[in-house]
K.L.:
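Just dropping this structure here.
One-based numbering, in listed order, for ligands and for the atoms of each.
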Amino acid sequence: MTVRDRTKLDAESIVDFIADIFDRRGADSYLGEAVTMSEHMLQSAYLAEQVGADDSLVAAALLHDIGHYTSEFPPDAQDQGIDNRHDVAGAAVLAPYFPKRVTDCVRYHVPAKRYLCATDPGYFARLSEASVLTLKLQGGPMSPSEIEDFHKLANLDDILRVRIWDDAAKVAGRATPSFAHYAPLLQRMVDSHRTG
Ligand code: FE
């Protein structure tokens, strides 16, 4: 199988495809942060793994920022995320292969930050400088009616847990397992989503 064949993506090739993105693009800088994109995503996954989170949450933490790379996906997959921000676009390209619990955590990781800024006084103080800057562009803290709507999400607790790992996954030089460590977990999820 060639992972550079961008016209064909299926349950057999998606994990290698994502591995290839980590490989080629993982060294990209994570704007304004002290870690690269792959360091950030691997640190997120490792934080989830260290507290014994289940496979879905480890996968969600690992893939939450994949929407920064939707241009790597085949054109038909990209159409799903066209004109969308990286959170929505990322959920869209993962949706054929991963359960909704995973894609919800990806899809709502930016609103989760806006939610936590509005509801947890200590949260804003813990945000990185770059994250405070992007908060403005993302719409600032949620309004009361947005909070009310957010409370209706079935996977709210999971979404918030992934967000907290996301925020903590910006430590320069922290050692983590490599992507290869998580590939079997991802493939198990893809396989059970396909047959389930
Ligand atoms: Fe992130």
Side-chain angles (χ1 to χ4, degrees), residues 18-19 21-51 53 55-73 81 84-95 98 101-120 122-142 150 153 155-179 181-182 185-186 189:
I18 294 170
I21 292 174
F22 269 72
D23 224 33
R24 289 183 298 106
R25 304 290 309 277
D28 289 5
S29 66
Y30 184 17
L31 206 63
E33 305 288 0
V35 288
T36 66
M37 284 304 298
S38 66
E39 285 169 340
H40 170 60
M41 295 195 281
L42 289 166
Q43 285 187 20
S44 300
Y46 193 42
L47 288 166
E49 191 181 13
Q50 282 178 308
V51 295
D55 286 2
S56 292
L57 294 190
V58 174
L62 180 66
L63 302 177
H64 77 273
D65 273 337
I66 201 73
H68 286 301
Y69 300 106
T70 46
S71 63
E72 300 283 344
F73 281 72
N84 282 323
R85 301 180 319 262
H86 85 277
D87 43 357
V88 178
V93 295
L94 296 176
F98 292 91
R101 188 157 165 252
V102 173
T103 58
D104 270 3
C105 292
V106 175
R107 180 184 181 90
Y108 294 108
H109 80 272
V110 173
K113 171 178 152 187
R114 299 184 55 230
Y115 171 86
L116 287 166
C117 282
T119 58
D120 178 350
Y123 177 80
F124 180 81
R126 295 193 297 272
L127 284 181
S128 68
E129 213 175 301
S131 203
V132 169
L133 280 175
T134 53
L135 174 66
K136 276 198 192 135
L137 301 169
Q138 291 159 344
M142 277 188 176
F150 208 60
L153 293 174
N155 296 314
L156 178 63
D157 289 349
D158 296 329
I159 291 163
L160 296 178
R161 290 184 79 191
V162 170
R163 179 69 225 188
I164 300 291
W165 294 321
D166 177 1
D167 293 315
K170 299 174 177 181
V171 180
R174 182 186 281 163
T176 67
S178 67
F179 182 89
H181 170 74
Y182 297 104
L185 176 155
L186 294 181
M189 300 224 63

K.L.:
Pairing donors with acceptors under 3.5 angstrom, does anything connect the side chains of Asp166 and His40?
P.N.:
yes
K.L.:
Using the test side-chain hydrogen bond (donor to acceptor under 3.5 Å, both in side chains), find all partners of Arg107 that sit at least two apart in sequence or belong to another chain.
P.N.:
none
K.L.:
Using a distance-only test with no angle check, is there a side-chain donor-acceptor pair under 3.5 angstrom linking Tyr108 and Asn155?
P.N.:
no
K.L.:
Does Glu39 have any salt bridge (Lys or Arg N to Asp or Glu O under 4.0 Å) partners at least two apart in sequence or in another chain, and if so, which?
P.N.:
none
K.L.:
For Val171, is there any backbone N or O sitting under 3.5 Å from a side-chain donor or acceptor partner on Gln43?
P.N.:
yes
K.L.:
Taking 2.8 Å as the limit, list every protein N, O or S atom around the Fe ion (ligand 1), by chain and residue number.
P.N.:
His40 NE2, His64 NE2, Asp65 OD2, Asp166 OD1
K.L.:
My understanding is that only residues two or more places apart in sequence, or in another chain, count here; which of them pass ring pair (Phe, Tyr, Trp, His ring centres under 6.0 Å) with Tyr46?
P.N.:
none
